[in-house]
S.K.: 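Structure incoming, see below.
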Amino acid sequence: MSSNSENLAMRRIAKLLDENSFMEIGSLVTARSTDFNLGAAQTPSDGVVTGHGLIGGSLVFVYSQDASVLNGTIGEMHARKIAGIYDMAMKMGAPVIGLIDCGGVRLQESVDALGGIGLIYEKEVAASGIVPQICGVFGSCGGGLAVVPALCDFTFVEKEKGRMFVNSPDAIVGNRVEKCDTASADFQSENSGCVDFVGSEDEIMEQIRALIAMLPGNNDGSAYTGKCEDDLNRACSSMAQMKGDPRYLLGELSDSHVFFETKADFAKDMVTGFVQLNGMTVGAVANCSELYDEEGKKTEDLGLALTAKGCSKAAEFIQFCDAFSIPVLSLTNVNGFKNNMCSEKNLAKALARMTYAFSNATCAKVNLITGEAFGSAYVSMNSKPIGADLVYAWTDARIGMMEPALAAKIMYPDADAKETEAKAAEYEKLQSSVVSAAARGYVDRIIEPEDTRKYLVAAFELLYTKHVEEPDKKHGTK
C-alpha cells in the first residue's frame, strides 16, 4: 500500500478494490518541468495514483487522479504514468479503471501537457477491444479530457460533484449554467450517450465491481464469468404481459434475476445491458415500447418505432460485445421508425450503423421476437437474413411486411370495406403469422413465453464454440 493513503485518490481506490489488494506503481514520480515556479510546488505522484489490485479476485489496473495536487491537472509525467498502466494492462490482459477528478491540461507545461493527453488517447485507442476500459468521473472532466471517458467502454458519473463537458455551460452561446447546466451528470447521462450510470460515489464503486464480475478480463477471455445457482429450466412468469418493457423480461430470464443495464437514461426506447445464462455473460439489445415505475405502473408509452439515438446506442453496445466475444441476445417488438423531423435527419445513418453492427458481429447471435416484427425495422433488429444464428418467436408474434389491414388497402385500393377486411385476414394468415415465417425458415422455433429461459440457455450453450473465418480486409467503414 502507498504511504500516502489518506488522500482522496487513495481512498477511492480502497473503496473500489478488494481489501488490501492494491499495489501502487510509480509513487515517487513527480513533475519534471520547473517552468513558471513549478519547481517550488510539491507534486507527489504528479497528481495521479496508479497501480493494480483485485476486484472479486480478478486482476484490474487502476489510476486515480488526486485533485489536491495542482488540481489534478494532467502534465507530462502524470500522463506517462497513466500510459504505463495501460501498457501493463494490455500485457497482462486485465481491465483498466480510471477514477477522474481533474482540472484539465496543466497550463505550466503547455505542449508537453498536450503531448501527454494525446498519449493517453493513443493508449485508450490501442487498448480498445483488447481489455475493457471503465472510468468514474468524481470531479471536473472538461475540455479535451472529456474525450477520455468517451473513449472508454463504460462511464460512471458522481451525481453531485461529477462534471463532464467539452465547453463549459457559460461558454455556450445563448446559455448560462443557471439556464441549463450542460456539464451536470443528469444532462450528460440523458443527452451525450457517454454515461452509463449516475449515482453516489459508493453506488458507483458497487456498480463498477458488479460490472467487472460480468465481463471477461480481455478479448481472449471466456464469456463464462460465474457459476449459476438458478434453475436452468425455471419458468418465467408474466413475460407476455410485460413484453413492452424488456428490462422486466431480461431481469426475469437472467440467472438470479440480475440485469445490468447500460446507458439507462439515454435513448430509453432502446435497452442495452448484460444478463447471465447458466453463468455465461450475454449482451442484450431490445427496443422498448413502455416504461414502468417501481410499483409496476406504466409511466410512458414509447411506441414500437426505432429511433436514431436508439439505433446508435445499440450499435455501440453490439460492437463492444463482439470485440470481446460476448454473445448477443436481441428482443424484437418493432413495427417501423420514428416519424419526425429530428429523427429523420439522423435515422438512416444510425440505422445503418446498427444493421452493420448486427450483421458484422461474429459472436453468437440469437433473436427473440416477442411481439410485432414488421418491415425493414424488423430486418435490422438481428433478423435471420442479416446473420442471426438462431431466431425464436413467441406463439403470438406477428412477422411480415406491415399490418395486414394497411397491406390490404395498398394492394386493393378500390375494394370496399368487406373485401378489404377479407383480404387483410388472408394476408395475415399467409404473410404475417409466425407460423408462416417459420415455414419459410425465418424462425427456428416457436416457443411459449414462460419457456424462454430454458430455450435461451440451450441456444447459447450450443453456440459457445461458434467460429467464423473473417474476410481478408483491414476493417469495415461504418
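All heavy atoms count here, side chains included; hydrogens, waters and symmetry mates do not. Everything numeric here is computed off the predicted structure, so don't read it as measured data.
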S.K.: Within a reach of under 6.0 Å around CD of Glu261, are more than 12 heavy atoms found that belong to other residues, nucleotides or ligands?
M.R.: yes
S.K.: Determine whether more than 12 heavy atoms belonging to other residues, nucleotides or ligands lie under 6.0 Å from atom CD of Glu461.
M.R.: yes
S.K.: Looking at residues at least two apart in the chain, or sitting in another chain, which of them share a ring pair (Phe, Tyr, Trp, His ring centres under 6.0 Å) with Phe317?
M.R.: Phe274
S.K.: Do Thr182 and Asn175 make a side-chain contact, defined as non-hydrogen atoms from C-beta onward lying under 4.5 Å apart?
M.R.: yes
S.K.: Return yes if a side-chain donor-acceptor contact under 3.5 Å exists between Gln276 and Thr281, otherwise no.
M.R.: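 Gln276 vs Thr281: donor-acceptor pair found between side chains.
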S.K.: Tell me if a side-chain donor or acceptor on Lys123 pairs with a main-chain N or O of Gly84 at a distance below 3.5 Å.
M.R.: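 Not at all, since once roles are kept as given, no pair shorter than 3.5 Å links the two residues.
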S.K.: Begin from the C-alpha positions of Asn367 and Leu390 and carry the test side-chain contact (heavy atoms from CB on, under 4.5 Å) through to its verdict.
M.R.: CA-CA 6 Å; Asn367 186 23; Leu390 291 170; over 6 Å; no
S.K.: Salt bridge or not between Asp46 and Lys81? Use side-chain N to carboxylate O under 4.0 Å.
M.R.: no
S.K.: Tell me the closest heavy-atom pair linking Pro246 and Leu331, and the distance in Å.
M.R.: CB-CD1, 4.1 Å
S.K.: Would you find a donor on one side and an acceptor on the other, under 3.5 Å apart, between the side chain of Asn219 and the backbone of Ala323?
M.R.: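 Flag not set: sc Asn219 to bb Ala323 has no pair under 3.5 Å.
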S.K.: Tell me, please, which residues at least two apart from Phe61 pass ring pair (Phe, Tyr, Trp, His ring centres under 6.0 Å).
M.R.: His52
S.K.: Does Asp186 pair with Lys159 as a salt bridge, N-O distance under 4.0 Å?
M.R.: yes
S.K.: For residues Tyr464 and Phe460, establish whether the separation of their ring centroids is below 6.0 Å.
M.R.: no
S.K.: Using side chain to side chain contact (heavy atoms under 4.5 Å, CB included) as the criterion, point out the one residue from Asp153, Thr155, Ile212 that pairs with Ile134.
M.R.: Ile212
S.K.: Does the Ser359 side chain pair with the main chain of Ile386, one donor and one acceptor, at a distance under 3.5 Å?
M.R.: yes
S.K.: Going by salt bridge (Lys or Arg N to Asp or Glu O under 4.0 Å), name the residues that satisfy it together with Asp269, two or more places apart in sequence or in a different chain.
M.R.: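 With neighbours one apart ignored, the set is empty.
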S.K.: Take Asp101 and Arg12 through the test salt bridge (charged side-chain N to carboxylate O under 4.0 Å, His left out) and record every step on the way to the result.
M.R.: CA-CA 11 Å; Asp101 189 353; Arg12 285 174 178 150; 3.2 Å; yes
S.K.: Are Phe197 and Phe154, when compared by the centres of their aromatic rings, separated by less than 6.0 Å?
M.R.: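 No; Phe154 has its ring centre 6.0 Å or more from that of Phe197.
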S.K.: Tell me if a side-chain donor or acceptor on Lys345 pairs with a main-chain N or O of Met341 at a distance below 3.5 Å.
M.R.: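 No: the side chain of Lys345 does not pair with the backbone of Met341.
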S.K.: Search all heavy atoms of Asn333 against all heavy atoms of Asn287 and return the closest pair with its distance.
M.R.: O-ND2, 2.5 Å
S.K.: Are Ser68 and Asn7 linked by a side-chain donor-acceptor pair shorter than 3.5 Å?
M.R.: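 The criterion, which ignores hydrogens and geometry beyond distance, is not satisfied for Asn7 and Ser68.
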S.K.: Between Thr307 and Ser343, do the side chains contain an N or O donor and an N or O acceptor separated by less than 3.5 Å?
M.R.: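 There is no such pair (donor and acceptor under 3.5 Å, judged by atom type) between the side chains of Thr307 and Ser343.
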S.K.: Using a strict cut-off of less than 4.0 Å between a Lys/Arg side-chain nitrogen and an Asp/Glu carboxylate oxygen, indicate whether Arg453 and Asp255 qualify as a salt bridge.
M.R.: yes
S.K.: Kindly compute the distance separating CD1 (Ile74) from CG (Asp112), expressed to the nearest 0.5 Å.
M.R.: 13.5 Å
S.K.: Is Met242 close to Arg247 at the side-chain level, that is, under 4.5 Å between some pair of heavy atoms?
M.R.: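 The answer is no, as the side chains (C-beta and beyond) never meet within the 4.5 Å cut-off.
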S.K.: Does the distance from a Lys or Arg side-chain N to an Asp or Glu carboxylate O, for Arg106 and Glu109, drop under 4.0 Å?
M.R.: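 A salt bridge is present here (some side-chain N lies under 4.0 Å from a carboxylate O).
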S.K.: With a 4.0 Å cut-off, would you call Asp196 and Lys263 a salt bridge?
M.R.: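 Looking at Asp196 and Lys263, the cut-off is met.
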S.K.: Taking everything shown except Asp301 itself, do over 12 heavy atoms lie less than 6.0 Å from its CG?
M.R.: yes
S.K.: Whether Asp181 and Arg163 form a salt bridge (side-chain N of Lys/Arg under 4.0 Å from carboxylate O of Asp/Glu) is what I want to check.
M.R.: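 Yes, this pair counts.
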S.K.: Quick test of your reading: applying side-chain hydrogen bond (donor to acceptor under 3.5 Å, both in side chains), list the pairs with at least one residue in residues 134-147, sequence neighbours left out, ordered by first then second residue.
M.R.: none
S.K.: Might you point out which heavy atoms bring Leu277 and Ser254 nearest each other, and give the distance in Å?
M.R.: CD2-CA, 4.5 Å
S.K.: Taking Thr272's backbone N and O only, do any of them form a donor-acceptor pair with Thr262's side chain (distance below 3.5 Å, no angle check)?
M.R.: yes
S.K.: Taking side-chain contact (heavy atoms from CB on, under 4.5 Å) as the definition, give me every residue that meets it alongside Glu290, ordered by chain and number, with sequence neighbours left out.
M.R.: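 Partners of Glu290 by the side-chain contact (heavy atoms from CB on, under 4.5 Å) criterion, ordered by chain and then number, come out as Tyr292, Lys298.
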S.K.: Could you tell me if Tyr86 and Glu122 have a donor-acceptor pair between their side chains, going purely by distance under 3.5 Å?
M.R.: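 No, because no side-chain N or O of Glu122 sits under 3.5 Å from a partner of the opposite role on Tyr86.
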S.K.: Who are the salt bridge (Lys or Arg N to Asp or Glu O under 4.0 Å) partners of Arg209, not counting sequence neighbours?
M.R.: Asp18
S.K.: When rounded to the nearest 0.5 angstrom, what is the spacing between SG in Cys363 and CD1 in Ile318?
M.R.: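 The CD1 atom of Ile318 is 8.5 Å from SG of Cys363, to the nearest 0.5 Å.
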S.K.: Would you say Glu178 has more than 12 foreign heavy atoms packed within less than 6.0 Å of its CD?
M.R.: yes
S.K.: Any side-chain to backbone donor/acceptor pair from Asp293 onto Lys297? Under 3.5 Å, distance only.
M.R.: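 Looks like yes, one N/O pair under 3.5 Å.
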S.K.: Ignoring hydrogens and geometry, is there a side-chain-to-backbone donor-acceptor pair from Glu158 to Phe138 under 3.5 Å?
M.R.: no
S.K.: Quick one: does Asn360's side chain have a donor or acceptor within less than 3.5 Å of a partner on Tyr356's backbone?
M.R.: no
S.K.: Using atom types as modelled and distance alone, determine if a side-chain donor or acceptor of Glu76 lies under 3.5 Å from a backbone N or O of Ala113.
M.R.: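 Checking the backbone N and O of Ala113 against the side chain of Glu76, no donor-acceptor pair under 3.5 Å is found.
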S.K.: Look up atom OG1 in Thr362 and atom CD in Glu469, then write down how far apart they are to the nearest 0.5 Å.
M.R.: 10.5 Å
S.K.: State, yes or no, whether a side-chain contact exists between Cys236 and Met239 at a heavy-atom distance under 4.5 Å.
M.R.: yes
S.K.: Can you confirm whether Lys466 is buried at NZ, in the sense that more than 12 heavy atoms of other residues, nucleotides or ligands lie under 6.0 Å from that atom?
M.R.: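 Count over threshold, so yes.
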S.K.: Is there a donor-acceptor contact under 3.5 Å from the side chain of Ser64 to the main chain of Ala9?
M.R.: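 Yes, Ser64 side chain to Ala9 backbone: donor-acceptor pair under 3.5 Å.
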S.K.: With a 4.0 Å cut-off on N to O distance, would you call Asp230 and Arg234 a salt bridge?
M.R.: yes
